Amino acid sequence: MKLNISLNFHSVFVRKFKGGKPGEAAISCTFYTGTDKKALKEQAFIKIDNSIEKLKLLNISEQIETEIKTTTTTTTEMDETGFVDYSKTNKSTSIDSNNYKEHTAEFILTKDLEEKILKSENITFRFYFGIDESTYTVSKTDALKIKNFLKAVPK
């Protein structure tokens with residue numbers, strides 16, 4: 001089973017079943033930051049209501065990406081009679097580029113964490129990029145999607 005969800009970072013929840021029994025849920029995360037952001041730290045946290053639990057991030061990687069946007073504008077002029085001569089057009093092209101860093105990591109939700117999430121009212125994740133923290137509070141709607149994913153069984 002798989003759940004794609006954006007919690008202000010992109011995440012994919014995956015669970016495999018063996019013999020009809022659910023395995024642990026594995027979550028892949030992708031974060032987009034400025035190129036000056038430090039590497040993602042191995043330790044993160046999940047706050048479930050008032051309980052704070054450690055998460056160990058696995059398979060951490062980062063890469064710099066470049067997004068290039070090209071815009072071409074074509075303009076024509078109307079003569080004094082009100083007609084447009086399409087053989088006389090002006091084209092201008094602008095190119096903008098944006099560099100950013102893509103950080104990826106994975107973590108496992110233990111059965112204990114799953115049980116706490118299923119009973120929770122509030123869920124918050126905290127990740128560290130060097131000494132800078134990034135905190136993501138899960139909305140009620142997204143929390144419900146996660147809970148439904150954790151309860152689901154294949155038919």
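Numbering of residues begins at 1 and proceeds along the displayed sequence. Keep in mind the model is a prediction, meaning the values are calculated, not measured. Every heavy atom of this structure was used, including side-chain atoms; hydrogens, water molecules and symmetry mates were not.
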Test item: Lys56 and Glu42 side chains (from C-beta on) under 4.5 Å apart, heavy atoms
yes

Going from CG on Leu55 to CG on Leu113, what distance comes out if it is rounded to the nearest 0.5 angstrom?
6.5 Å

List in chain and number order the residues that pass ring-ring contact (aromatic ring centres under 6.0 Å, His included) with Tyr128, two or more places apart in sequence or in another chain; answer none if no residue qualifies.
none

Can you hop from Phe17 to Ile108 via hydrophobic side chains spaced under 4.5 Å?
no

Measuring only between side-chain heavy atoms, which start at C-beta, is Phe13 closer than 4.5 Å to Asn4?
no

Does either side chain, that of Lys69 or that of Asn98, offer a donor lying less than 3.5 Å from an acceptor on the other one?
no

Do Phe125 and Val138 have side-chain heavy atoms sitting under 4.5 Å apart?
yes

Given side chain to side chain donor-acceptor pair (under 3.5 Å), test Asn99 with Thr66 step by step and report yes or no.
CA-CA 4 Å; Asn99 292 328; Thr66 302; 2.7 Å; yes

Would you mind reporting whether Lys91 and Thr73 have side-chain heavy atoms less than 4.5 Å apart?
no

To the nearest 0.5 Å, tell me how far Leu109 CG sits from Leu150 CG.
6.5 Å

Measuring only between side-chain heavy atoms, which start at C-beta, is Glu67 closer than 4.5 Å to Tyr100?
yes

Has the side chain of Asn59 got a donor or acceptor atom that lies under 3.5 Å from a matching backbone atom of Glu106?
no

With rounding to the nearest 0.5 Å, note down the distance linking CG in Leu40 to CD1 in Ile60.
5.0 Å

Does some side-chain heavy atom of Thr93 sit less than 4.5 Å from a side-chain heavy atom of Thr71?
no

Value for CD (Glu115) from NZ (Lys111), rounded to nearest 0.5 Å, stands at 8.5 Å

Within 6.0 angstrom of Lys37 NZ, more than 12 heavy atoms from elsewhere:
yes

Any heavy-atom pair between the side chains of Ile68 and Asp96 that's under 4.5 Å?
no

Does atom CG of Asn50 have more than 12 heavy-atom neighbours, drawn from other residues, nucleotides or ligands, at distances under 6.0 Å?
no

Among Ile, Leu, Val, Met, Phe, Trp and Tyr joined by side-chain contacts under 4.5 Å, find the other residues sharing a cluster with Ile64 and list them by chain and number.
none

Check for a donor-acceptor pair, side chain of Ser120 on one end and backbone N or O of Ile123 on the other, with a separation under 3.5 Å.
no

Selection residues 12-29 - residue pairs positive for salt bridge (charged side-chain N to carboxylate O under 4.0 Å, His left out), sequence neighbours left out
Arg15-Glu114

Any side-chain heavy-atom pair of Tyr32 and Phe9 under 4.5 Å:
no

Nearest-0.5 Å distance that lies between atom CZ in Phe149 and atom CD1 in Ile27
7.5 Å

I'd like to check the salt bridge (charged side-chain N to carboxylate O under 4.0 Å, His left out) partners of Lys116; sequence neighbours left out, ordered by chain and number.
Glu53, Asp112

Phe129 meets the ring-ring contact (aromatic ring centres under 6.0 Å, His included) criterion, sequence neighbours left out, with Phe31, His103

List the residues meeting ring-ring contact (aromatic ring centres under 6.0 Å, His included) with Phe45, not counting sequence neighbours, and say none if there are none.
none

Would Thr104 and Thr30 count as a side chain to side chain donor-acceptor pair (under 3.5 Å) if you check the C-alpha gap in whole Å, the side-chain angles of each, and the deciding distance to 0.1 Å?
CA-CA 5 Å; Thr104 59; Thr30 305; 6.0 Å; no

Minimum heavy-atom separation for Ile117 and Lys147, please, with both atom names.
O-CE, 3.1 Å

Trace of the side chain to side chain contact (heavy atoms under 4.5 Å, CB included) decision for Leu118 with Lys151:
CA-CA 8 Å; Leu118 288 170; Lys151 292 188 279 188; 3.6 Å; yes

Starting at CG of Asp142, measure out to CG of Leu3 and round the result to the nearest 0.5 Å.
8.5 Å

